[in-house]
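Fair warning: this is a prediction, and the values are worked out from it, not measured in the lab.
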Amino acid sequence: MSSQSTLSYRQDAYRALLKGNEKLDLQHSSVPCNLMLTGDAFPLVINSHGHILMAASMYGQGRIVVLSHETYLTLCPALVENALTWLGGGESVNLSLGVQKKIKAVADNLNRSMYQVSIFEAFRKNLGVHVYVTDAYQVGAIAEDLVAFMKAGGGVLIGGQAWWWASQNPKQNLILQFPGNKVTGVAGIYFSAEHGKAEKLSLNSEIPSSWKTVDRGMDFKEDLEFLLKGISDFDIQGDEVPSAALVHGPLAFSICTTDKEKAFLAGTYYGRGRVILVTHEGFLQYEKLASFWKNAFDWLDQGRKGVVGFEPGVKPLPGLGLTCKTTEFREDLSVFVCTAYSDINAETIQNFVVEGGGLLIGGHAWYWASTHIGQNPMQDFSGNKILNKMGLSLLKETIKASVYKAPDPRQVNNLHYRHLLHRFAGHVLEGRELTKQDEEHLKKLGRDCASFLSMKAYDNLSYMEILSVLTDILKKEGVPQASKQNPVKSPKEHMLLSLATDVYDASLNQEGLLPYIIKDNPPLPVVKNQRIKITAQTGENEEWISTGLYLSPGMKKEIILPPKLVNRRWTIQIGCQSDELYLEDLWRAPHVIKRFPITSERMQVWNMWGGLIYLLAPRDVNVEEEEVVVQEAVTAPFYKSGVTKAADWSSLRQAPAPWAEMEFDNIILTVPSHIIRELQSPLEVEKLWNGIMKGVADLAVIPQKFIRKERIVADIQISAGWMHSGYPIMMHSSKGAELFNPEDARTKGLWGETHELGHNQQRSYWEFPPHTTEATCNLWSVYVHEEVLGLNRAKAHPSMTSASRKDCVETYVREGRKLKNWNVWTALETYLQLQKKFGWAAFKRVFANYQNMSNYPRDNDGKMNLYAETFSKAVNMNLTGFFKAWGWPIKQATEEKLSNLPCWTNHPMAQYS
């Protein structure tokens, strides 16, 4: 059944169950309990305190309705008759009912002409009834038969409360041992020990929800005491890299977390069974965790002393006293142990646990996520297909393998996802005060919300409940409209701004939600059925292909794609601002691009924040003139060398989209449109950048036509500094105008831009981090300014004046020529001294020689010796004395290799010897 069908089915069931009941008066001397729901269960009645007083669910072929006090079986006759009809499959005429003798009053209330009613001492097999009605106290001994009856298609109506039983049986496990839960638990409904408040209630036309239900959970103190008996800490040090886990179900709990509050070991109840998740399968073999694993298997086994089955490839740790068997999955096992990569059908394992089985599952999701680009690990990863429904998930985020202290079971865990969300919802929706500790954990809550929402589990009521709460939060509080003038600073504003994207993407009513998120979204004129020709010849890197089109915020449109691009690792990207921000003051949302893997010939795409439309070509593809049709979009100012006519630019630059692009021979510049609106001469800008990029290629000794054009994107805020390298290079939009001013470029320079272009040319085999990271990239800055722009290096940057350079050298020498001080301008000076003596041609020979090498050292010492050797051979001179004078760790072997070459004795550093 699809997600939409499941939602519709539940809604139809709810309306059938509450038909004709607009109000429900439960004010009575009876005290109900709160019902806990998981899986497919859904609430029928929720009071003002968030207590669920009635619920329904499906199990196997059958159905169940649960009332939180047995008196409701007689107090609510109209609702009971609806329930009986629904439980019987929708037919009430000649419906055969079995009623447990102690609640005979239920039968007396019924319209006997509509039902065939039989009274029984207790349920037994083959009663010949469609529906059985009972209280929650008499079913313990017959639970297996009643569950089998329901699984085969029977209906069960059950009423009761568990708070009294819990008070009389304090040492018993309420979830598994309360008689009613032995039946209802398989369908995801549990009687709890929490008192419910009986009220006079108005009933909704839709399935009710309340933010107050989010934190209604059980107490896992005794479970943790059992699991952590004799355990003081968890030593997970080793070669394994574990994932973090998200603990999100109402019956799920973390067993141990890192010092950064990320879970790597967690447990949960599911149906009548138990589950333990460990976030790397290698930990199952750690002998230092043997005491815990013994406790864990005992907990999962529930005292049955049954067979523990290990999936082939998973070895049992010896000495645990288990009856072990290496086997494929079997239903007769007591506990099954498998990895998160298992190909066993998820529903098969879930059903095994529901009916009482124990599951120990180990694995991580980070590697899968890194090798399945474009797929959603929360949805598509095999381990999460098993775990999500149980209230646990594996994240692509990793944690540090270390030694972590076991928690104190007596201390309430207030960091559970649901508890944090409940606190924040109470603050926003009812004005409850946030504590300082609550604010400190809003960042964690935001991350957890993003992970949870990415499940897109619309057939899961727990998911829909939390999505509804988060939607209400955004609608009530609104989203801060971040800008440079009004930066987002507080933890709460950060939370709301980050939450907006995730909730919008998960929302089933995006159009209705958008006005609460983006206040200023004026309509822009659109063009229809734009045909774009796509050509791509990529190498070892992905490439963005511009379309010159833009989607406004929330604009959801279709793109028609050629079959050659479908399921071939191609992606549609909306937005150019690829930097994700982790800053205290935010001038924009942290993440504003959206990607869609191309999986069909017709793709509907959107971005809540809007953005330019790109096709992302994967590595190693060759596509010629393939046509893409964009159904509807906004035109952007877009200039492309060899395609756009200069005469057309005066109108193109006025295109309505807020982002503009200029694509030249080897670089594409992307800026807010206002920066180029008055640009009259694109040819002069084209000439400038074609020259700069030719200079970059000349020094790097690479082909004049780049395999992938460089990109620069100017954004209001970027992840680090004023500019940073990468694809694209990012810079602040406040400096964006300098990209389009050839006159200023030739008189004032473009040091920052050429510095970042230089970063993109750095190669690890001749880089010595951290010393040269911010040094050798400046070789391109110096080269381009002097050889292309005609601007002396001393005028290109203040640190390039003779006085500044001399001071750098003298300070370095005075401090002992220690390599730890050899970095940035000091390190650059080493290369500039070489350039003065041997010219740029020597560097070009060196870079060309490196391109022909296949083996090179990985450590700095080895790489520095190789560089000294390579440069010496390129200029036919022994430079070891020069490099030693700079403090390089030149080895005797290197000196011997170069001993046949004449020594450079009068080098610039000789004067300091």
**OP:** Could you tell me whether Lys489 atom NZ has more than 12 heavy atoms of other residues or ligands within 6.0 Å of it?
**Re:** no
Original post:
Residues two or more places apart in sequence or in another chain: which of them pass side-chain hydrogen bond (donor to acceptor under 3.5 Å, both in side chains) with Lys694?
Top reply: Asp698
Which atom pairs, donor and acceptor, lie under 3.5 Å between side-chain atoms of residues 679-689 and protein residues at least two apart or in another chain?
from: Glu686; atom 1: OE1; to: Tyr639; atom 2: OH; distance (Å): 2.6
from: Glu686; atom 1: OE2; to: Ser641; atom 2: OG; distance (Å): 2.8
from: Trp689; atom 1: NE1; to: Leu739; atom 2: O; distance (Å): 2.8

Subject >> Any donor-acceptor N or O pair under 3.5 Å, side chains Arg595, Ser578 >> reply: no
**OP:** If a pair satisfies ring-ring contact (aromatic ring centres under 6.0 Å, His included) and one of its residues is in residues 529-572, list it, with sequence neighbours excluded.
**Re:** Trp544-Tyr614, Trp544-Tyr727
**OP:** Keeping the roles fixed (side chain from Gln375, backbone from Ile373), state whether a donor-acceptor pair exists under 3.5 Å.
**Re:** no
Subject >> Geometric class of the Trp825/Trp751 ring pair [parallel <30°, tilted 30-60°, perpendicular >60°] >> reply: tilted
**OP:** Decide, yes or no, whether a salt bridge links Glu543 with Arg708 under the criterion of side-chain N to carboxylate O below 4.0 Å.
**Re:** no
**OP:** Kindly check if the number of other-residue, nucleotide or ligand heavy atoms within 6.0 Å of NZ (Lys533) is above 12?
**Re:** yes
Original post:
For Phe706, what residues pass the ring-ring contact (aromatic ring centres under 6.0 Å, His included) criterion, not counting sequence neighbours?
Top reply: none
Using residues 626-633 as the side-chain source, report each donor-acceptor pair under 3.5 Å to any protein atom, sequence neighbours left out, with the distance given to one decimal.
from: Glu627; atom 1: OE1; to: Arg531; atom 2: NH1; distance (Å): 2.8
from: Gln631; atom 1: OE1; to: Glu558; atom 2: N; distance (Å): 3.2
from: Glu632; atom 1: OE2; to: Lys557; atom 2: NZ; distance (Å): 3.2

Original post:
What about the rings of His372 and Trp368, do their centers lie closer together than 6.0 Å?
Top reply: yes
Subject >> Tyr765, Tyr850, Trp766 screened by ring-ring contact (aromatic ring centres under 6.0 Å, His included) with Tyr856, the one that passes >> reply: Tyr765
Original post:
Stepwise, does the side-chain contact (heavy atoms from CB on, under 4.5 Å) test hold for Leu789 with Thr754?
Top reply: CA-CA 11 Å; Leu789 300 178; Thr754 51; 5.6 Å; no
Subject >> Interatomic spacing from CZ in Phe768 to CG in Asn823 - rounded to 0.5 Å >> reply: 14.0 Å
**OP:** Please say whether more than 12 non-hydrogen atoms of neighbouring residues, nucleotides or ligands are located less than 6.0 Å from NZ in Lys844.
**Re:** yes
Subject >> Heavy atoms of other groups near Leu583 CG, more than 12 under 6.0 Å >> reply: yes
**OP:** For atom NZ of Lys863, decide whether the heavy atoms of other residues, nucleotides or ligands shown that lie under 6.0 angstrom number more than 12.
**Re:** yes
Subject >> Glu774 side chain to His755 side chain, donor-acceptor N/O pair below 3.5 angstrom >> reply: yes
Subject >> Least distance between heavy atoms, Ala775 atom then Ala827 atom >> reply: CB-CB, 3.7 Å
**OP:** Determine whether Trp659 and Thr670 make a side-chain contact, defined as any pair of heavy atoms from C-beta on separated by less than 4.5 Å.
**Re:** yes
**OP:** State, to 0.1 Å, how close Val488 and Glu493 come at their nearest heavy-atom pair, and which atoms those are.
**Re:** CG1-CB, 3.3 Å
Subject >> Which atom of Phe381 lies closest to which atom of His364, heavy atoms considered >> reply: CZ-O, 3.3 Å
**OP:** Determine whether more than 12 heavy atoms belonging to other residues, nucleotides or ligands lie under 6.0 Å from atom NZ of Lys519.
**Re:** yes
**OP:** With sequence neighbours left out, write down each residue that passes salt bridge (charged side-chain N to carboxylate O under 4.0 Å, His left out) with Arg793, or none if nothing qualifies.
**Re:** Glu786
Subject >> Heavy-atom pair of closest approach, residues Trp609 and Pro553 >> reply: O-CG, 3.7 Å
**OP:** Using atom types as modelled and distance alone, determine if a side-chain donor or acceptor of His591 lies under 3.5 Å from a backbone N or O of Ile593.
**Re:** yes
Original post:
On the ring face of Phe843, is Arg845 found with NZ or CZ under 6.0 Å from the centre and within 45° of the axis?
Top reply: no
Original post:
If you take all heavy atoms of Ser719 and His724, which pair is closest and at what distance?
Top reply: OG-NE2, 3.3 Å
Original post:
Just checking, any donor-acceptor pair under 3.5 angstrom between side chains of Gln481 and Asp520?
Top reply: no
Original post:
Should Lys564 and Glu624 count as an ion pair when the cut-off is N to O under 4.0 Å?
Top reply: no
Subject >> Closest approach of Ala874 to Asn849 (non-hydrogen atoms, all atoms of both residues) >> reply: CB-ND2, 4.3 Å
**OP:** Step through it carefully: locate the ring centre of Tyr831, locate the ring centre of Tyr867, and say whether they are under 6.0 Å apart.
**Re:** yes
